[in-house]
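First up is the structure itself, then whatever we jot down about it.
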Amino acid sequence: MDSYKTTVGIEVHAELKTKSKIFSSSANNYGKMANTCTNVIDLGYPGVLPTLNEEVIKLALRAALVLNCKINKTMHFDRKNYFYPDNPKNYQITQNRTPIGIDGYVEIDTNNGKKKIRIHDIHIEEDTCKSVHSSNKSLLDFNRAGVPLVEIVTEADMSSAEEAMAYLEKLRELLLYADVSDCKIEEGSMRCDCNVSVSKTEKYGTKIEVKNIGSISNVGVAINYEHDRQIALLEKGETLKEETRRFDDVSGKTFAMRNKETAGDYRYFPDPNVMPVVIDDEWYEKIRSII
């Protein structure tokens, strides 16, 4: 079993510290009574039009710069289409083809010295509303719908739970330094999904996505559990399939949720209601100078 190689990639959603939401004037304010910080845009009423919050671009640019990314100075927003109760428009406005930052890195300390964890991209998107589940019903809180966030996607550069936790600690430190997010994992303003695979060869194994991880330490627990679970199945001669699993922090185990979606499932296309964004050199240099 020691001959298996573990590979980890991480996707982090970090909510941005703006006063209002990304496409509406509703307050971006955690902890208020459910469904009090919302309006018809957040609720996805037919015919309403989004208006982009300039502060979102400013904070996302700062985040991209502290992560050593190349900047897309001309970008547009796309529609990510999927059907789920927390997504009233049946699409999420995001950046698929023109993320604000690409090809960055975060440097971490390991037992073997410093290591660069490559950032594939950092893109801006709107958050969905919050689902609250009980034994016999599910409730929706639209206060979180439309809260601006950046999604930070790494390459599959981590090979252990320890490296993954070190990366998240460093990422949190950088985002706090840039003053773009409060990174309060316990409040959901920094959320993490892990992609874990194991293989005996240099070729990547089957990627399993783990969601619903509520702390950095639990990221380590989830990765170690998936490492052991996947190896045990392979040793039995079973074939792994790509899937999305959720982490249960009580048992320290992961449980199947659904088959893993692909980009084609989301049918991305440019959002016709959000104008393209151009970051001119003067604005870029002004923000870069204070990082």
Side-chain angles (χ1 to χ4, degrees), residues 8-18 21-23 28-31 42 53 55-57 59-64 66-67 69 77-80 82 84 86-87 89 91-96 99-102 104 106 117 119-132 140-155 158 164-165 167-176 178-196 209-219 222-223 244-247 249 257 260-261 263 266 268:
V8 179
I10 291 180
E11 301 167 5
V12 166
H13 290 86
E15 293 183 349
L16 299 175
K17 293 171 60 176
T18 56
K21 295 182 179 180
I22 182 170
F23 295 118
N28 177 9
N29 199 337
Y30 177 81
D42 312 320
N53 183 346
E55 187 72 8
V56 171
I57 304 298
L59 295 184
L61 177 56
R62 280 162 56 177
V66 297
L67 298 178
C69 290
F77 285 83
D78 300 283
R79 290 187 180 182
K80 178 181 179 181
Y82 68 93
Y84 203 71
D86 67 3
N87 184 26
K89 300 191 299 290
Y91 64 84
Q92 180 185 29
I93 303 177
T94 183
Q95 292 180 319
N96 179 48
I100 190 168
I102 58 172
V106 169
I117 307 301
I119 303 296
H120 179 274
D121 72 79
I122 172 173
H123 57 270
I124 305 166
E125 63 185 23
E126 59 179 346
D127 212 340
T128 59
C129 65
K130 183 178 180 180
S131 302
V132 182
L140 298 174
D141 180 2
F142 282 84
N143 285 353
R144 200 177 74 181
V147 168
L149 55 80
V150 286
E151 181 173 358
I152 303 161
V153 182
T154 74
E155 301 288 359
M158 288 153 279
M165 290 188 291
Y167 162 75
L168 290 170
E169 292 285 3
K170 187 64 175 181
L171 177 65
R172 184 173 182 273
E173 177 185 316
L174 289 168
L175 295 178
L176 288 171
D179 197 27
V180 300
S181 175
D182 58 24
C183 297
K184 293 180 179 178
I185 299 176
E186 68 279 4
E187 293 181 1
S189 62
M190 180 175 170
R191 307 193 295 275
C192 174
D193 302 332
C194 291
N195 295 307
V196 185
E209 182 183 38
V210 183
K211 288 183 172 291
N212 194 40
I213 309 177
S215 71
I216 292 177
S217 61
N218 276 340
V219 168
I223 292 170
T244 298
R245 301 177 67 86
R246 66 175 180 85
F247 177 74
D249 59 359
M257 291 176 62
K260 183 76 176 97
E261 302 94 340
Y266 293 125
Y268 289 101

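All values derive from a computational prediction rather than experimental measurement.
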Return the minimal non-hydrogen interatomic distance between [X] and [Y], and the atom names on each side.
X: Ala63; Y: Val66; value: O-CG2, 3.2 Å
X: Cys129; Y: Phe142; value: CB-CA, 3.7 Å
X: Asp249; Y: Phe247; value: CA-CE2, 3.5 Å
X: Val106; Y: Lys170; value: CG1-CG, 3.4 Å
X: Thr154; Y: Gly9; value: OG1-CA, 3.6 Å
X: Leu175; Y: Cys183; value: CB-SG, 3.7 Å

Taking C-beta and beyond as the side chain, do [X] and [Y] meet within less than 4.5 Å on heavy atoms?
X: Ile185; Y: Ile213; result: no
X: Glu15; Y: Glu187; result: no
X: Tyr82; Y: Thr128; result: yes
X: Cys194; Y: Ile10; result: yes

Using the rule salt bridge (Lys or Arg N to Asp or Glu O under 4.0 Å), only one of Lys89, Lys21, Arg79 pairs with Glu126; which is it? Lys89
[atom1]-[atom2] distance between [X] and [Y], expressed to the nearest 0.5 angstrom:
X: His120; Y: Glu11; atom1: NE2; atom2: CD; value: 10.5 Å
X: Asp42; Y: Asp127; atom1: CG; atom2: CG; value: 11.5 Å
X: Ile22; Y: Ile124; atom1: CD1; atom2: CD1; value: 6.0 Å
X: Asp121; Y: Ile100; atom1: CG; atom2: CD1; value: 11.5 Å
X: Leu140; Y: Asn87; atom1: CG; atom2: CG; value: 11.0 Å
X: Gln95; Y: Tyr268; atom1: CD; atom2: OH; value: 11.5 Å

Output yes when a side-chain donor or acceptor of [X] lies under 3.5 Å from a complementary backbone atom of [Y], and no otherwise.
X: Arg246; Y: Asn212; result: no
X: Ser189; Y: Lys184; result: yes
X: Arg245; Y: Val210; result: no

Should we say atom NZ of Lys130 is surrounded by more than 12 heavy atoms from elsewhere, each under 6.0 Å from it? no
Report the C-alpha separation of Met158 and Ile223 in whole Å, then their side-chain angles, then the decisive distance to 0.1 Å, and conclude whether the side-chain contact (heavy atoms from CB on, under 4.5 Å) test is met. CA-CA 11 Å; Met158 288 153 279; Ile223 292 170; over 6 Å; no
Please evaluate residues Phe23 and Val56 with respect to the criterion side-chain contact (heavy atoms from CB on, under 4.5 Å), reporting the C-alpha separation (whole Å), side-chain torsions for both, the decisive distance (0.1 Å), and the verdict. CA-CA 10 Å; Phe23 295 118; Val56 171; over 6 Å; no
Closer than 4.0 angstrom, basic N to acidic O: yes or no for Arg172 and Glu169? no
Is there a side-chain contact (heavy atoms from CB on, under 4.5 Å) between Ser181 and Leu176? Walk through the geometry before answering. CA-CA 6 Å; Ser181 175; Leu176 288 171; over 6 Å; no
Evaluation steps, side-chain contact (heavy atoms from CB on, under 4.5 Å), between Asn96 and Lys80: CA-CA 8 Å; Asn96 179 48; Lys80 178 181 179 181; over 6 Å; no
For a side chain to side chain contact (heavy atoms under 4.5 Å, CB included) with Asn53, tell me which candidate from Leu16, Thr18, Asn28 qualifies. Thr18
